[in-house]
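One structure follows; several queries about it will come next.
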Protein chains: 2
Amino acid sequence: MANIKDVAERAGVSVATVSRVLNGRSPVAETRDRVLAAVAELGYRPNVVARALRTARTRTLGLVISDLRNPFFTELADAVEQEARRLGYSLIIGNAGESPEQQDDYIRTLLDRRIDGLMVSSAGTGSAMLREVVSRDTPLVLLDRAVPGIAAPCVRAEGRQALTDLAAHLAALGRRRPAVIVAPAGTPIGEERLELFRTALAGQRIALPEERIVSSPDLSPTGGQRMMRALLDLPEPPDAVLATDNLMALGALDEVRARGLRIPGDVALVAFDDVAWFAHTDPPLTAVAQPTRELGRAAVHTLLERIEGRAAPSVLLPAQLVPRRSCGEQPEPSHWRGAAHDRRQ
Amino acid sequence: MANIKDVAERAGVSVATVSRVLNGRSPVAETRDRVLAAVAELGYRPNVVARALRTARTRTLGLVISDLRNPFFTELADAVEQEARRLGYSLIIGNAGESPEQQDDYIRTLLDRRIDGLMVSSAGTGSAMLREVVSRDTPLVLLDRAVPGIAAPCVRAEGRQALTDLAAHLAALGRRRPAVIVAPAGTPIGEERLELFRTALAGQRIALPEERIVSSPDLSPTGGQRMMRALLDLPEPPDAVLATDNLMALGALDEVRARGLRIPGDVALVAFDDVAWFAHTDPPLTAVAQPTRELGRAAVHTLLERIEGRAAPSVLLPAQLVPRRSCGEQPEPSHWRGAAHDRRQ
DNA sequence: GCGGCTCAGGTAATCGATTACACGGGCGAC
DNA sequence: GTCGCCCGTGTAATCGATTACCTGAGCCGC
């Protein structure tokens with residue numbers, strides 16, 4: 001493969017001149033044309049490895065996601081990747097599979113590869129490597145999940161308005177015994193969703209007693225199904241259930257079906273996270289949609305700010321209620337958006 | 001950040017010695033210990049960029065996938081990533097979004113980054129960059145989709161046995177008017193599935209007339225839905241439909257539901273590709289399961305063979321029928337495997 | 001007419017590793 | 001005792017770019 005020296009020889013100039021032409025610095029039209037001609041003839045492409053060594057910038061970002069097989073994260077990763085690419089960066093994606101050890105292992109690899117910046121949707125909270133990233137001051141952005149003690153901007157969605165709308169929606173449909181299936185203990189974001197929902201319900205004068213709050217051991221359909229079973233076995237079972245993650249919602253749906261109960265007739269079901277599949281379940285599931293692609297884009301922008309040495313604030317984007325049919329039918333207040341059938345950018 | 005020179009100074013040896021210790025060549029125990037101590041004290045990590053420049057190996061693989069948001073490819077990407085990682089390679093994933101231009105653009109970027117090898121599940125067939133990859137002889141493996149004219153090993157699944165089982169399954173359940181929704185014209189793999197299914201049906205003395213073969217304009221739920229609409233509008237509508245891709249199957253399911261028809265009562269539905277969600281639809285969908293994770297692993301192994309300069313044959317792994325309830329109930333012949341509820345490795 | 005300024009472009013240092021080659025000391029063989 | 005070999009280690013070239021610094025030509029002003 002041709003290198004810069006070959007180009008220089010062919011154009012009858014020095015390597016410095018070639019480099020300057022290619023980086024848009026100074027040289028005069030006539031020289032420039034000769035260089036560009038040589039580049040074209042040889043099919044020359046700069047060696048990014050050599051460039052990275054010299055400039056200490058790889059134009060590569062890292063993304064460590066907690067579970068790639070969760071469709072929410074898949075879409076997030078896709079959005080991040082597209083935006084990074086649009087801005088001239090490559091992306092290395094690591095899948096931590098909800099394991100803090102694997103996550104640390106990944107971060108290590110990414111640091112070794114001298115990525116310019118890192119985005120992490122952290123599994124667990126006490127990551128030693130995250131601390132290392134901060135202390136090395138490699139630009140870092142937390143995605144979807146804040147981590148206590150890690151001083152880095154966090155990009156995530158917040159459900160206050162959506163959950164307020166949801167409480168109103170449920171109240172209007174006559175639901176009086178709500179329940180919540182929350183994420184495993186220790187994931188701060190689950191707690192927050194629970195609290196916001198509780199407050200929203202209070203605004204409708206609906207109580208959310210402790211026995212109707214169950215915490216799944218993991219973010220999986222199996223966990224969701226077990227929790228739904230527990231709820232339906234209650235002496236006074238709920239008439240509406242919110243699952244704080246899409247996979248748990250899916251398991252919950254299975255359990256309702258397995259019992260031969262009907263949605264929304266016997267129990268309403270709402271998922272936090274709106275994934276494309278929810279429009280295709282039977283019935284289509286009402287969901288709290290996070291602005292997934294916007295989150296991805298915002299994460300990249302925030303990270304680039306950090307990379308360029310500027311301060312960057314955390315970003316909190318509003319989630320929105322997407323009412324479908326799993327709670328019953330109700331005319332939509334005008335500020336709800338319609339369906340989210342195709343959220344592709 | 002500490003570099004090899006710092007380590008050398010601290011250990012009182014030359015950089016060559018440090019390098020040799022770290023690469024497991026020669027030096028004697030006592031020196032070795034001093035070097036390792038210095039490495040530990042300084043928290044030294046080799047600069048992989050510098051190493052890549054010198055050795056011309058990046059220990060990075062590239063994967064260009066035709067659509068990351070298709071759960072089949074997500075799982076494939078995840079499997080590839082895990083295996084690559086296990087063998088000490090990083091992976092850069094590119095999402096071509098079924099666009100040949102974007103695919104070429106990606107391949108370009110990956111070549112620029114001097115990846116050691118490339119895996120591509122190609123969108124479309126006439127890729128100029130794929131040709132370039134071959135002519136540069138960068139190790140290449142085609143994934144899931146062969147490309148005519150590109151001399152590279154191809155790793156994919158083959159459905160002969162599964163489709164034979166499917167034909168028997170449908171025959172046993174009394175289905176006599178099968179139909180197929182195939183992938184867009186030009187994707188060789190869709191054609192193959194169609195042919196295998198036709199042959200299998202013939203073995204059961206069931207005909208597959210042309211009017212019951214419809215070709216979707218794209219691999220999407222919308223395309224699948226439109227095709228199902230066409231099939232159901234036929235004067236003699238089918239009593240069993242095979243969709244050759246999971247997204248099209250999903251759209252087909254929507255259409256059946258929208259018409260208030262029942263599955264399997266009114267029409268049976270089978271998907272090619274088994275994705276986790278199919279176990280959760282109503283009814284759970286019978287599917288032809290590709291051995292997705294095995295495909296991913298095989299692709300990585302094949303690629304590494306090529307990277308190490310050895311010849312590597314194409315790999316053809318058998319798909320398997322996973323009967324659920326969307327064709328009706330039938331006792332299972334013993335060679336069918338059970339459900340594929342959790343195919344995570 | 002000459003000093004000095006501008007500017008294109010060349011020379012060479014540099015990034016951080018790997019590795020070919022050189023060197024010197026110890027040791028075995030004769 | 002000397003020759004030569006082996007082995008451990010150091011010196012320096014190298015990968016392919018970027019870029020600080022220098023040089024020399026052209027031009028302007030006084």
Side-chain angles (χ1 to χ4, degrees), chain A residues 1-39 42-60 88 90 109-116 136 138, chain B residues 1-39 42-60 88 90 109-116 136 138:
Chain A
M1 284 236 338
N3 61 25
I4 197 171
K5 226 165 130 190
D6 302 328
V7 175
E9 266 166 37
R10 178 146 198 145
V13 298
S14 74
V15 294
T17 302
V18 176
S19 175
R20 283 190 273 253
V21 168
L22 263 26
N23 293 291
R25 273 191 259 296
S26 64
V28 98
E30 194 256 342
T31 318
R32 155 184 225 85
D33 290 345
R34 281 219 315 286
V35 170
L36 292 178
V39 165
L42 295 172
Y44 167 74
R45 306 231 97 211
N47 183 326
V48 295
V49 175
R51 174 181 294 170
L53 176 60
R54 182 60 231 248
T55 61
R57 298 198 58 191
T58 54
R59 297 219 134 235
T60 302
S90 293
T109 312
L110 292 169
L111 289 180
D112 281 353
R113 299 210 167 238
R114 300 297 200 273
I115 47 158
D116 292 341
R136 281 222 217 172
T138 298
Chain B
M1 281 234 342
N3 63 21
I4 197 171
K5 226 165 130 192
D6 301 329
V7 175
E9 265 167 38
R10 178 144 195 149
V13 297
S14 73
V15 293
T17 301
V18 175
S19 175
R20 282 191 272 253
V21 167
L22 264 26
N23 292 291
R25 273 191 259 296
S26 66
V28 97
E30 193 256 343
T31 317
R32 158 185 224 83
D33 291 346
R34 279 217 318 283
V35 170
L36 293 180
V39 165
L42 295 171
Y44 167 74
R45 306 232 96 211
N47 183 327
V48 297
V49 175
R51 175 181 293 169
L53 176 60
R54 182 60 232 247
T55 62
R57 298 199 57 191
T58 53
R59 297 220 135 235
T60 302
S90 293
T109 312
L110 292 170
L111 289 180
D112 281 354
R113 298 205 169 243
R114 300 297 200 272
I115 47 159
D116 292 341
R136 280 221 217 175
T138 297

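Order of the sequence lines sets the chain letters (A, B, ...), proteins ahead of strands, with each chain counted from 1.
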Heavy-atom closest pair (A:Val15 atom, A:Ala8 atom, distance to 0.1 Å) is N-CB, 3.7 Å
What one should report as the nearest heavy-atom pair of B:Leu53 and A:Val49 is N-CG1, 3.6 Å
Check: Do B:Arg113 and B:Thr60 have side-chain N/O donor and acceptor atoms under 3.5 Å apart?
Finding: no
Between B:Val48 and A:Asp112 the two heavy atoms that sit nearest each other are CG2-O, 3.0 Å
Across the strands shown, which category fits A:Val13 at heavy-atom distances under 4.0 angstrom: base, sugar-phosphate, nothing?
sugar-phosphate
Heavy-atom contacts, protein to nucleotides 13-23 of chain D, under 4.0 Å, summarised as B (base), S (sugar-phosphate only) or - (none) per nt, yield BBBBBBBB---
B:Arg32 atom CZ is separated from D:dC7 atom P, nearest whole Å, by 17 Å
Looking only at C:dG10, C:dG9, D:dT11, the nucleotide nearest the B:Ser14 side chain is D:dT11
Ionic contact status for A:Glu9 with A:Lys5, cut-off 4.0 Å: no
